[in-house]
Every structure is written in C-alpha cells, then in structure tokens.
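Please read the structure below before turning to the comments.
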Amino acid sequence: MGHPYTIREIARQAGLSEATVDRVLNHRGGVRESTAREVQQAIKDLDRQRTQVRIGGRTFMIDIVMQTPERFSSAVRDALEAELPSLHPAIVRSRFHFRETDPAAELVKDLDRIAARGSQGVILKAPEVPEVTAAVGRLVAAGIPVVTLVTDLPSSPRLAYVGIDNRAAGATAAYLIRQWLADRPGHVLVTISRGSFRNEEEREMGFRSGMRGGGPLRRLVEVTDSDGLDSTQRALVLAALERDPEINAVYSIGGGNTATIDAFAALGRGVLAFVAHDLDHDNTRLLAEGKLSAVLHHDLRQDMRRACQTIMRAQQALPDEGPFLPSAIQVVTPYNMPPYNMPPYNVNVPSV
C-alpha cells in the first residue's frame, strides 16, 4: 500500500490510533477487517484532498479554437461556462477563437499566435488538412497540449480526442431513417458542411454502410461545401431537389437545417424523415416544432469538462486516468429533450 503520508496523518484522517494504523500498514494482525478498510479509505481520502490542494488556487488559461457555424460555437461556449464551477478549486480562463469559414491558413495563424504567446492547452475543432496538422505539431513542440473536440486529427501529435464515435453515429442515423421510411420509396439527401472534416467523413461512411443493411436500395444524394451555413445551404439543396424529385428524407451531417427545410417548403415537398446532429439553438427549435424527426446528441458539457481535465492532467495538476470511452450518442425526439435544452417559448410538439 504505497503512499506518501505519515502514520500520524493517516491516523488523524481515519480517526484511529497511530498504533492501530501501524498494525494495518505493516500487516501485524489483530485488527478487524472493517478497521483495515477505514485505514485504506483514509489513504484514498488523503489522495483526493492532495489533488485538490495541488489544483487549488491555480489558474489554467485555455484557448478554444474552432471552425464551425455560430450556432455550434455558441453551444460550446455555453457548455464550457456551465461546467466551470465543476472544475473548482482550479480556475479556468478561456480565450475563444471562432471562425465560421475561412481558408485553413487563417486558422493556422491563430494556432501559431497561440504557440508564440503561450497557453496551457488548446481545445481544437478544425479540418483535417496538412497545414493544420503541422500547426498542431508546432503547438505540442512548444509544450502546449492539444485536445481535439468533435472531429479528430489522428495523424497529429494531439493529446486526446473528445467526442462521439462518428461512424457509429452515422450508422444510427441510417437505422432510424430505414425504420421511418420502411418499404416506402424515396431517396435520401445527405448534407455535409465540408469534406475536410474527419467527423463528417466518418459519419457519412457509417451512414452509407448502415443504409445497405436492409430494405429498398435508396439513392443517397450528397450536398457539400456549404460550411453548414444557411446562407449557402439553401441554394445547394434547392438544386438537388430540383434534380431529384424522389428525395423525401434527409440526414444532415453538417447543419444548415433551417435552410434545408426552407428549400423543401419552397418546392412544396414534404420530408418523411429528417435526422440531424447536435442540440444547438436552431435544432432545438426545429425539433420542438416537429420539423426534425430526431437529433443525435451528445452531452457537450461533459465533453468540455473532459477536455479541460485532460489539459489539467497534462499540466500534472490531476492524476492520470487512462483513456476514456467515446461520448454516448443520444437519440433525442421532441419528447425527451434534456431540460436545459428546452426552448423558452411555446411550441407545437407533433402528435404521435
């Protein structure tokens, strides 16, 4: 039972005599099993309190760098700020670097500025392109740990990835759409913000594989390079719908769902199944109004907490905890939205 504590410290923590603690630690016998457990628990308590002392009063400056639509960056900011109290007694300060769309060179400039200025960690959502991977390498070489969020950069020296299993998420979307469409004919629109994001590529692969799992063979019509922005999404979807009058379902990998719904409405077309990702403010409203069938959601607050704690471990402020599992994929309908995602307005939830 290795530990750095004196017998007196353990005895005080356990509320036992020093002689009793000495007998337990040195296996001399004559001590009840319950008493031995009290000594073991006292050592665990001291370990935990030692960790709190180690992080107490420390301030961690973390940079969050993301290329993503505003609706998701706002969700990330809200999730982080909601989790800050759970990171006490450490104090976490954050600097946000958000871009909706830009050449990768602009994002690389942000990362290089952070490397030059210094930071205790970077949480990154970025496209998987060589220049970004190289910039992550420069951050790590400067002693700054990098945690990827939502989408991974596995060929970079990043410290960890926090998020869902994106291939499994795509397969889940396929399962849901196959159930809703059943034997009815129709094609499926697959919308992608940009092909350079690894998470979107993995979701698409999982979806295509899942759609081959049974039922009618359906054509999958891909729309991409909108950056997930409504301003560019609507025209792309309209063109796809005009080319293919049999599209009656949507798997939205990259967002822009308000524009997608507007495009269907403009042509007087209905949607039999519409599966999207993330309970951002747009999708929360659309789901509550019955315009989305389901949203594949993960606990973004938990993800932000994990990302911050991973950086704190890299700074040796928390003990190592080994690799953790991907975030759980939740299938959210209008009837089981998390309470903190419920919209602050009256909505018409569709009847069953």
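- Side chain of Tyr161 to main chain of Ile164: a donor-acceptor pair is present (N/O by atom type, distance under 3.5 Å, no hydrogens or angles).
- Side chains of Met211 and Arg218 form a contact here, defined as non-hydrogen atoms less than 4.5 Å apart.
- Side chain of Thr232 to main chain of Leu229: a donor-acceptor pair is present (N/O by atom type, distance under 3.5 Å, no hydrogens or angles).
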Original post:
Going through the checks in order, is the side-chain contact (heavy atoms from CB on, under 4.5 Å) test met by Ile114 and Leu124?
Top reply: CA-CA 12 Å; Ile114 293 168; Leu124 177 64; over 6 Å; no
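- No option in Arg77, Arg71, Arg285 other than Arg71 meets the salt bridge (charged side-chain N to carboxylate O under 4.0 Å, His left out) test with Asp280.
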**OP:** Before giving the answer on side-chain contact (heavy atoms from CB on, under 4.5 Å), spell out for Gln309 and Leu318 the whole-Å C-alpha distance, their side-chain angles and the decisive distance to 0.1 Å.
**Re:** CA-CA 8 Å; Gln309 289 173 337; Leu318 289 175; 4.1 Å; yes
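- Distance alone, capped at 3.5 Å, is enough to place a donor-acceptor pair between the Glu9 side chain and the Thr6 backbone.
- Under the 4.5 Å side-chain contact rule for hydrophobic residues, Leu181 and Val190 share a cluster.
- Of the possible donor and acceptor atoms, one in the side chain of Glu100 sits under 3.5 Å from a partner among the backbone N and O of Glu70.
- Heavy-atom neighbours of Arg32 CZ from other residues, nucleotides or ligands within 6.0 Å: at or below the threshold of 12.
- Between Val65 and Lys125, every side-chain heavy-atom pair lies at or beyond the 4.5 Å cut-off.
- The shortest distance between side-chain heavy atoms of Glu128 and Pro154 falls below 4.5 Å.
- Both Val108 and Val140 sit in one connected hydrophobic cluster of ILVMFWY residues. Membership requires side-chain heavy atoms under 4.5 Å apart, directly or through other members.
- Listed for the Gln315 side chain is a donor-acceptor partner under 3.5 Å among the backbone atoms of Gln120.
- In plain terms, the two heavy atoms of Ala42 and Ala14 that are nearest each other are CB-CB, 3.7 Å.
- When all heavy atoms of Val150 and Asn166 are compared, the closest pair comes out as O-ND2, 3.2 Å.
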**OP:** Could you walk me through whether Gln302 and Ser327 pass side chain to side chain donor-acceptor pair (under 3.5 Å), step by step?
**Re:** CA-CA 8 Å; Gln302 179 188 40; Ser327 305; 4.8 Å; no
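- One N or O on the side chain of Asp165 and one on the backbone of Arg167 form a donor-acceptor pair closer than 3.5 Å.
- Thr310 places a side-chain N or O within donor-acceptor distance of the main-chain N or O of Arg306, the cut-off being under 3.5 Å.
- Under 3.5 Å, the side chains of Ser252 and Asn257 contain a donor-acceptor pair of N or O atoms.
- No side-chain heavy atom of Leu84 sits under 4.5 Å from any side-chain heavy atom of Cys308.
- Tested against His298 for a side chain to side chain contact (heavy atoms under 4.5 Å, CB included), the candidates Val162, Asp303, Ile329 yield a single pass: Asp303.
- The nearest pair of heavy atoms linking Val21 to Ala11 is CG2-CA, 3.7 Å.
- With respect to the salt-bridge test (charged N to carboxylate O, under 4.0 angstrom), the residues Lys109 and Asp112 do not qualify.
- Ionic pairing of Glu81 and Arg301 is not present here: no N-O contact between side-chain nitrogen and carboxylate oxygen is shorter than 4.0 angstrom.
- Remark: Arg99 engages Asp110 in a salt bridge, criterion side-chain N to carboxylate O under 4.0 Å.
- A side-chain donor-acceptor contact under 3.5 Å links Ser86 and Glu83.
- If you check the side chains of Ser193 and Glu200, you find a donor sitting under 3.5 Å from an acceptor.
- Within the 4.5 Å cutoff, no side-chain heavy atoms of Asn283 are placed close to those of Leu287.
- Ile261 and Leu272 end up in different hydrophobic clusters when Ile, Leu, Val, Met, Phe, Trp and Tyr side chains are linked at under 4.5 Å.
- Val295 is not listed as a side-chain neighbour of Gln330, based on a closest heavy-atom distance of 4.5 Å or more.
- In plain terms, the two heavy atoms of Leu296 and Ala169 that are nearest each other are CD1-O, 3.3 Å.
- Tested against Phe96, the residues Asp63, Ile123, Leu80 include a single side chain to side chain contact (heavy atoms under 4.5 Å, CB included) partner, Leu80.
- Side chain to side chain, His187 and Asp244 meet the donor-acceptor criterion of an N or O pair below 3.5 Å.
- Just one of Val147, Ile144, Leu159, Ile311 meets the side chain to side chain contact (heavy atoms under 4.5 Å, CB included) condition when paired with Val122; it is Ile144.
- A distance of 7.5 Å separates CD1 in Ile62 from OG in Ser119, rounded to the nearest 0.5 Å.
- Although no hydrogens or angles enter the test, the distance criterion places a donor-acceptor pair under 3.5 Å between the side chain of Arg313 and the main chain of Pro319.
- A distance of 7.0 Å separates CD1 of Ile253 from OG1 of Thr191, quoted to the nearest 0.5 Å.
- Atoms CZ and CG, on Phe274 and Leu292 in that order, are 5.5 Å from each other to the nearest 0.5 Å.
- For the pair Asn336 (side chain) and Val332 (backbone), a donor-acceptor distance under 3.5 Å is absent.
- Ring centroids of Phe72 and His281 are separated by 6.0 Å or more, keeping the two rings apart.
- Contact check for Tyr251 versus His277: side-chain heavy atoms found under the 4.5 Å cut-off.
- Within the 4.5 Å cutoff, no side-chain heavy atoms of Val250 are placed close to those of Val275.
- Other residues, nucleotides and ligands contribute over 12 non-hydrogen atoms within 6.0 Å of the CZ atom of Phe98.
- Tyr175 and Val271 fall into different hydrophobic clusters, where Ile, Leu, Val, Met, Phe, Trp and Tyr side chains are chained together by heavy-atom contacts under 4.5 Å.
- Side-chain atoms of Glu246 do not come within 3.5 Å of backbone N or O of Gly186 as any donor-acceptor pair.
- By the rule that hydrophobic residues join a cluster once side-chain heavy atoms approach within less than 4.5 Å of another member, Met61 and Val92 end up as members of separate clusters.
- By the neighbour-count criterion of 12 heavy atoms within 6.0 Å, atom CD of Gln179 is densely surrounded, having more than that number from other residues, nucleotides or ligands.
- Between Thr148 and Arg198, the side chains place no donor N or O within less than 3.5 Å of an acceptor N or O (distance only, hydrogens not considered).
- Once rounded to the nearest 0.5 Å, the distance linking CD1 of Ile247 with CZ of Arg269 reads 6.5 Å.
- Among all heavy-atom pairs drawn from Ala294 and Val331, the shortest one is CB-CG1, 4.1 Å.
- Within the model, atoms CD1 of Ile177 and OG1 of Thr172 stand 11.5 Å from one another, a figure rounded to the nearest 0.5 Å.
- Between atom CG of residue Asn199 and atom CD of residue Glu204 there is a gap of 11.5 Å, rounded to the nearest 0.5 Å.
- Between Ala259 and Asp230, the closest heavy-atom pair is N-OD1, 3.3 Å.
- Neither side chain, Thr101 nor Gln67, offers a donor N or O lying under 3.5 Å from an acceptor on the other.
- His297 and Asp278 share no donor-acceptor pair across their side chains, judged by distance under 3.5 Å alone.
- Under the side chain to side chain donor-acceptor pair (under 3.5 Å) rule, Ser226 has a single partner from Gln233, Arg194, Arg234, which is Gln233.
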